[in-house]
Amino acid sequence: MIGKDLERAARLLREGALVAIPTETVYGLAGNAFSETAVAEIFAVKQRPAFDPLIVHAGSLDRLQALAADFPPEARRLAEAFMPGPLTLLLPKADVISDLVTAGSPLVALRIPKHPMALDLLSLLEFPLAAPSANPFGYISPTTAQHVDQQLGSKIPYILDGGPCQVGLESTIVGFDRAQAVIYRKGGIPVEAIEEVAGPALALAHSSSDPLAPGMLKSHYAPKAPLRLGNLDELIREYRHLRLGILSFRRVFPELPSDNQVTLSENGDFTEAARKLFAAMRYLDALPIDVILAELLPEEHLGRAINDRLRRAAAGS
Ligand code: TXA
Ligand code: MG
């Protein structure tokens, strides 16, 4: 069931049930982070492998700090600059965080979502919320309550509807190697902005097996239809005998049916493109087409995180 009843959501979460919640990045599948049964239920509903740890969401910096055993100055600077917001920090976990949440890692992923409904809900609760993106494992993250309903609606009692997500990409995950920032996942805060605060950051290369970086699985975010990346004019020529879906950054292709194409931002605006990306992939994936043809954005700012998702979607097909 979809609704806007915060009290109801809070009651369900206190009872140990799961509730899908809006955040500024994507919708999350939330449960009491202090309840091992709720956390186990998250893995089960998502069909997520137990080696892939969860992000824990708190409503304030005070509450967040209580979940980390150590909050070094380099983390504090990033927290002050970007929280609440699409930043997740990897920090040594406090004892209150169970190994189930972190998949056995001594680090916990922590974030404060910047969505009024999520913050109101967290302020009603006595505990933080563990929440992965509210999609079946390996599929595209949901950016509306309806997206969640389509795939998980029958498995969870309530979906809190906070409207379409304003950022549209998952949070940027930052850890530390001594004091240097390490980007574990590109996301809603551009690497350039992280580096302005933290200095030069290391990027973690993706890996299909490293259990410390499972969000980096190469074939994440995959639509069901194969997705091909490249120069759109060439791809359209190459695949002209098939039924095509087109995902372009700025261009429109008047010779092709308009229903089968999505332009992420005709003005070339990265923020708009990020907001529309996952809904566009879902829209195209629901059409009777054989292949999705897509192009990369310029490799800067949010274009980097968008390209990361496009490459993973292409790797999955
Ligand atoms: O924007 C977001 O981050 C959304 C919203 C709902 O907050 N959440 C999200 O969660 O994207 P999820 O579970 O789909 O991706 C979280 C990723 C995991 O795949 C994992 O790679 C990484 O975060 N992660 C979580 N805890 C970690 C840990 N202790 N060490 C390394 N990576 C961790
Ligand atoms: Mg996810």
Side-chain angles (χ1 to χ4, degrees), residues 24-27 86 133-151 163-170 185-188 190 206 216-317:
E24 81 283 26
T25 59
V26 301
Y27 274 71
S133 52
N135 51 280
F137 185 71
Y139 194 64
I140 303 158
S141 295
T143 53
T144 66
Q146 288 69 33
H147 292 164
V148 180
D149 194 35
Q150 283 155 19
Q151 290 181 305
C165 299
Q166 289 304 298
V167 174
L169 292 173
E170 299 85 349
R185 177 175 72 185
K186 293 171 193 158
H206 68 62
M216 308 295 282
L217 287 176
K218 204 173 168 189
S219 67
H220 244 68
Y221 314 99
K224 290 182 208 80
L227 186 144
R228 297 281 176 269
L229 270 178
N231 175 292
L232 281 177
D233 294 303
E234 288 170 15
L235 286 173
I236 289 168
R237 224 173 301 126
E238 184 181 344
Y239 288 95
R240 64 185 175 278
H241 304 299
L242 297 179
R243 294 172 302 171
L244 304 181
I246 309 289
L247 183 56
S248 84
F249 179 33
R250 311 186 56 156
R251 293 164 65 197
V252 176
F253 297 85
E255 69 279 15
L256 296 172
S258 61
D259 282 352
N260 284 27
Q261 37 186 318
V262 181
T263 305
L264 291 175
S265 172
E266 288 190 36
N267 302 324
D269 179 62
F270 289 130
T271 305
E272 181 188 12
R275 195 182 295 138
K276 286 167 72 174
L277 178 69
F278 289 155
M281 284 165 68
R282 279 173 185 263
Y283 170 79
L284 293 170
D285 207 21
L287 295 176
I289 55 172
D290 302 306
V291 60
I292 299 171
L293 307 181
E295 64 183 347
L296 292 173
L297 277 63
E299 196 70 28
E300 58 187 34
H301 301 282
L302 288 181
R304 296 212 236 173
I306 293 170
N307 289 346
D308 171 81
R309 303 305 187 269
L310 288 170
R311 290 193 184 100
R312 284 171 210 274
S317 41

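Residues take their numbers from the sequence shown, with the count starting at 1. Every value quoted in this text rests on a predicted model; they were computed, and no experiment measured them.
To the nearest 0.5 Å, atoms CG (L310) and CG (L247) are separated by 6.0 Å. If you take CD on E24 and SG on C165, they are separated by 8.0 Å, rounding to the nearest 0.5 Å. Taking CD of Q261 as the start and OH of Y283 as the end, the distance is 9.5 Å to the nearest 0.5 Å. Atom CG of residue L302 and atom CG of residue D308 lie 12.0 Å apart, to the nearest 0.5 angstrom. Distance OG1/T143 to CD/Q166: 10.5 Å, rounded to 0.5 Å. The line from CG of N267 to CZ of R250 is 7.0 Å long, rounded to the nearest 0.5 Å.
Two residues are said to be in side-chain contact when any heavy atoms from C-beta on lie closer than 4.5 Å; P288 and R243 meet this criterion. Side-chain contact check for T144 versus F278: every heavy-atom pair is 4.5 Å or farther apart. Counting heavy atoms from C-beta outward, M281 and L277 have side chains that approach closer than 4.5 Å. For the pair I292 and P223, the minimum side-chain heavy-atom distance is below 4.5 Å. Considering only heavy atoms from C-beta on, D233 comes within 4.5 Å of F253 through its side chain.
In this structure, the side chain of E295 engages the main chain of F249 through a donor-acceptor pair within 3.5 Å. Between the side chain of T263 and the backbone N or O of R251, at least one donor-acceptor pair lies under 3.5 Å. For R282 (side chain) and I140 (main-chain N/O), a donor-acceptor pair under 3.5 Å exists by modelled atom type. Checking side-chain atoms of N307 against main-chain N and O of L297 turns up a donor-acceptor pair under 3.5 Å. Without hydrogens or angle criteria, R312 side chain to R309 main chain gives no donor-acceptor distance under 3.5 Å. No donor-acceptor pair closer than 3.5 Å links the side chain of N260 to the backbone N or O of I246.
Nearest heavy atom pair, residue L227 against residue A313, reads CD1-CB, 4.1 Å. A pairwise comparison of heavy atoms in N135 and P142 identifies OD1-CD, 3.6 Å as the closest pair. Considering every non-hydrogen atom in both R228 and L235, the closest pair reads O-CD1, 3.7 Å. In this structure, G245 and L284 approach most closely via the heavy-atom pair CA-CD2, 4.1 Å. Taking each heavy atom of V148 and Y27 in turn, the nearest pair found is CG2-CB, 3.6 Å. The heavy-atom pair separating V262 from A280 by the smallest distance is CG1-CB, 3.6 Å.
Across L244, L229, N231, a single residue satisfies side-chain contact (heavy atoms from CB on, under 4.5 Å) together with L293, and that is L244.
Salt-bridge annotation for D269 and R275: absent, with no side-chain N of the basic residue lying under 4.0 Å from a carboxylate O of the acidic one. Using a cutoff of 4.0 Å between basic side-chain nitrogens and carboxylate oxygens, R311 and E299 are scored as salt-bridged.
Side-chain N/O atoms of E170 and S141 include a donor and acceptor closer than 3.5 Å.
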